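Have a look at the structure below before the remarks.
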Amino acid sequence: MRVLHVASEAFPLVKTGGLADVMGALPDALARCGADTRLLLPGYPAVLDGLSVVGTVFDDANIFDGGWGRVLQGQLRGIGVPAYVLECGGLFARPGNPYSTPAGDWPDNHRRFAALCWAAWRLAGGADGAWLPAIVHGHDWQAGLAPAYLKLWGGAAASITTIHNIAYQGWFPAETLPELGLPAHSFGQHGVELHGGIGFLKAGLYYADRLTTVSRTYAREIQEPAHGSGLDGLLRARAADLSGIVNGVDYAIWNPAADSALPAPFDAGQLDGKAAAKAALQQRFGLPERPDAVLFGVISRLTWHKGLDLLLDALPLVADLDCQLVLLGSGEAELESGFRAAADGHRVAVLIGYDEPLAHLVEAGSDVILVPSRAEPCGLTQLYALRYGALPLVRRTGGLADTVVNADPEAVRDGRATGFLFDDATADALAGTMRWAAGLYADRPLWRGLQRTAMRQDFSWDAAAREYIALYEGLAGP
Ligand code: ADP
């Protein structure tokens, strides 16, 4: 079965968040499970640099007003499956963040990602005579028009839209309709229209044959007005086609027993290296090296959805606890300055920025990883935390609820507990749970037991890959 994945980022070449980690691992996991999988990406400079070109599949004189471009086929550094890359200098030859500059989003994002979807449609129409996909599997709004083109322009491939985060919808003014090659009749509730404009994610959710998202709880939540970002009605109407498949972890990259970012290896059987990582982390963040202080860690985009304003408000409430906090993140200016102001050099240390190796050290050196998200489709940092023996302390929402087992007395007794959950999106609830975790930390044998259970959890991609393959077989036959 041939499946073409369409996405706007993939680790290790271009990453702004969890989507990249998924795209760097899921296609390979599917291939290991027997699906003939390929990946289509935009030709940003970092992607072209990482591409060993095998050949040109097709070219075009003017792609969505970006001028000449072509689809290349080849092999991407760090990605096992064969890749297609849409090279079009007028659309993608821009360094840095794939979607925006510090001044805001690229003004032609609608044409840039429509072009990506058009390339998927061409491939689904047989542009590569040697490889014809039966299924086009698009990820997030950037791939949302691929199912629309297949339905509106014609195409035999079935299509899937996967929602990695419903809050990012790719909304553009109605005037852009002609630039996208969409027929006038598609501009309506039964089509691409959303709030008087064009919704790329909405288009994907309306036209794709199947819909998925990245956890079961999130699949339920996004059908409710409170979490559906305006698309809950459409998702309720399509509930029979919507399923939740929880993301996996690439344990070749996130493995404390073989991680070059750590001072010493460790695993569930041998935790000494974790103490070394804690000391190295405290040193790196300029905190006193205190093995006994419970160390809370955060690695996150700094946005309201991630609930980090709750953490800022919770800090004074835990001022009496023997604890430290390290935060690695970047995002909204107000949160960045709030955390900068909270840093005090002995209990709270903050690094505003994006640093992949340092993220590994924070996972390894922390005792607890905080993820107080208001909404979290799946969440990966808590899955990495489990493997690194940092107990996740998370809000009970989306994938966080599905992947962390609360340390209530029964779960502790049964050896199932792996972390801490709280319900209310309030600073009080977060602070109270931090206090509870710090109390348990003082009981070292109990804490070691929790760590061992956490580290033994298996969120490898194979289970998710098998679920996707079952979905593909239901759509296109084996
Ligand atoms: P989201 O995709 O919503 O940002 P996820 O938890 O699914 O959240 O994925 C976040 C990914 O981005 C993880 O791989 C995490 O380690 C990484 N990450 C987030 N912020 C940073 C940062 N400042 N530096 C390094 N890695 C980061």
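As a basis for the values below, the full set of heavy atoms in this structure was taken, side chains included, without hydrogen atoms, waters or symmetry mates. Please read all numbers here as calculations on a predicted model, not as lab measurements.
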For the residue pair Val368 and Leu295, establish whether any side-chain heavy-atom pair is separated by less than 4.5 Å.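 Of all side-chain heavy-atom pairs linking Leu295 with Val368, none is under 4.5 Å.
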Side chains of Val71 and Val85, heavy atoms from C-beta outward: is any pair under 4.5 Å?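 In short, these two side chains do not touch, never coming nearer than 4.5 Å.
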Can you spot which of Ile299, Asn255, Asp21 makes a side-chain contact (heavy atoms from CB on, under 4.5 Å) with Tyr384?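 Only one of Ile299, Asn255, Asp21 forms a side-chain contact (heavy atoms from CB on, under 4.5 Å) with Tyr384, namely Asp21.
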Would you call [X] and [Y] a salt bridge, using N to O less than 4.0 angstrom?
{"X": "Arg396", "Y": "Asp424", "value": "no"}
{"X": "Arg216", "Y": "Glu467", "value": "yes"}
{"X": "Lys15", "Y": "Glu9", "value": "no"}
{"X": "Arg435", "Y": "Asp320", "value": "yes"}
{"X": "Arg290", "Y": "Asp322", "value": "yes"}

If you count the non-hydrogen atoms of other residues, nucleotides and ligands that lie under 6.0 Å from CD in Glu356, is the total more than 12?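 Atom CD in Glu356 is crowded, with more than 12 foreign heavy atoms closer than 6.0 Å.
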Examine [X] together with [Y] and report whether their ring centres are nearer than 6.0 Å.
{"X": "Tyr149", "Y": "Trp118", "answer": "no"}
{"X": "Trp106", "Y": "Tyr99", "answer": "no"}
{"X": "Phe172", "Y": "Phe200", "answer": "yes"}
{"X": "Tyr468", "Y": "His137", "answer": "yes"}

Can a cation-pi geometry be assigned to Lys202 and Tyr206, taking NZ or CZ under 6.0 Å from the six-membered ring centre and within 45° of the ring axis?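 Yes - Lys202 lies over the ring of Tyr206, closer than 6.0 Å to its centre and within 45° of its axis.
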Quick check with a 6.0 Å cut-off and a 45 degree axis cone: is Arg387 positioned over the face of Tyr251's six-membered ring?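 That pair qualifies as a cation-pi contact.
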What distance separates Arg448 CZ from Leu271 CG, expressed to the nearest 0.5 Å?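 CG of Leu271 is found 5.0 Å from CZ of Arg448.
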